[in-house]
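What follows is a single structure, written as C-alpha cells, with notes after it.
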Amino acid sequence: MAEFTLKALPFAINALEPHISEKTLEFHYGKHHQTYVNTLNTLIEGTEYKDMTLEEIVKSSKGSIFNNAAQVWNHDFYWQCLTPDHQKAPSGKLAAAIEETFGSFENFKAEFTKMSVGLFGSGWCWLVKDSQNKLSIVQKSNAGNPLTDGLTPILVCDVWEHAYYLDKQNARPKYLESFWELVDWKKAEERF
Ligand code: MN
C-alpha cells in the first residue's frame, strides 16, 4: 500500500468561522493532523502494518503505531462530523433512536456536552452504536477509538486542547457551544 496521505477537508479552511477559526484549522488540520500522518508513515515502514488499511492498523496495533493511526482515523472522522451548513438537529431514524435512548434531543446534547467537558485531559467524546443499533456516549482518552470495542462511531467531538485553544483558550464549554453549531447531522444519519 502507498503511504497514507492527509485527506482533504470536506469544507474550505475558513468555512467554519466564526465557530472554529481558519487559524485553528491551519494548526489543527495543517500541523497536528498532518504530523500524525507523517509519523504513522515513518513508524510502519518495514513492519507488518505497511500493507494494512488505516482501520486494520487501528484495530490491531498498540503503542505509538496505534496512537498515530487512531489519531489519523479520528481526525478524518471528526472533519466529516462538521459542516458550515448549519443543521439544528438530526431527523429520521437517528432522531428517533436518540429520543428513545436519551429521552429527548436536548437531553442527549446535555449529556454529550457534560461528558465532553468532563473528559479529563486529552481525548475524544463519541456517540456510537453497538451491533443491536443501540446508541451510547463513550469517552476515550488520548487517541482512543471505539472501533477497538466493536462499536460503530456516529459522531465525535475532539476535546484535545489543540482543537479549541486558539479560539477559546481554556474554555472547553464554549468550544462545545461552537461544536453544536457545526454538527453535520445528515452524515451522522447516513452512518446510523
Ligand atoms: Mn485534534
Side-chain angles (χ1 to χ4, degrees), residues 3-44 53-55 57-59 61-84 112-128 137-149 151-185 187-188 191:
E3 290 202 324
F4 291 106
T5 54
L6 183 65
K7 283 190 188 165
L9 289 172
F11 39 74
I13 195 141
N14 62 353
L16 304 184
E17 294 198 348
H19 308 295
I20 294 177
S21 68
E22 178 173 355
K23 194 79 182 164
T24 287
L25 285 180
E26 277 174 8
F27 280 87
H28 194 184
Y29 170 72
K31 306 283 186 193
H32 290 281
H33 191 176
Q34 178 75 67
T35 299
Y36 294 127
V37 172
N38 296 347
T39 305
L40 177 64
N41 283 328
T42 303
L43 289 172
I44 62 175
T53 65
L54 186 58
E55 189 170 323
I57 299 174
V58 168
K59 286 178 172 171
S61 62
K62 286 187 166 51
S64 55
I65 290 182
F66 170 81
N67 286 338
N68 284 278
Q71 284 295 80
V72 174
W73 197 100
N74 294 357
H75 284 93
D76 287 345
F77 188 82
Y78 171 66
W79 308 129
Q80 295 296 328
C81 289
L82 305 177
T83 175
F112 190 96
T113 300
K114 193 174 113 190
M115 289 180 73
S116 296
V117 171
L119 197 163
F120 187 80
S122 295
W124 302 81
C125 188
W126 303 83
L127 174 65
V128 298
I137 303 170
V138 293
Q139 295 171 319
K140 290 281 180 185
S141 290
N142 302 318
N145 181 306
L147 290 172
T148 59
D149 304 322
L151 298 167
T152 303
I154 305 295
L155 182 72
V156 76
C157 186
D158 183 349
V159 299
W160 284 59
E161 278 188 349
H162 67 218
Y164 58 88
Y165 206 83
L166 293 174
D167 293 337
K168 321 285 188 187
Q169 287 73 55
N170 61 319
R172 195 186 288 179
K174 281 214 168 80
Y175 162 63
L176 262 291
E177 288 174 23
S178 290
F179 174 76
W180 292 123
E181 297 293 317
L182 296 168
V183 171
D184 193 333
W185 286 112
K187 283 193 195 145
R191 287 179 208 114

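Quantities reported herein were computed from a predicted structural model and do not represent experimental measurements. Indexing begins at 1, ligand by ligand and atom by atom, following the structure's order.
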So, at under 2.8 Å, which protein N, O or S atoms would a careful student list around the Mn ion (ligand 1)? His28 NE2, His75 NE2, Asp158 OD2, His162 NE2
Using 30° and 60° as the class limits, which term best fits the ring planes of Phe77 and Trp126: parallel, tilted or perpendicular? tilted
Please determine, by modelled atom types, if Ser178 and Lys168 share a side-chain donor-acceptor pair under 3.5 angstrom. yes
Which atoms form the tightest heavy-atom contact between Val37 and Leu6, and what is the distance? CG1-N, 4.0 Å
Between CG on residue Asn170 and OH on residue Tyr164, distance to nearest 0.5 Å: 7.5 Å
For the ring pair Trp160 and His75, is the centre-to-centre distance below 6.0 Å? no
With sequence neighbours left out, what residues match Asp76 under salt bridge (Lys or Arg N to Asp or Glu O under 4.0 Å)? Lys7
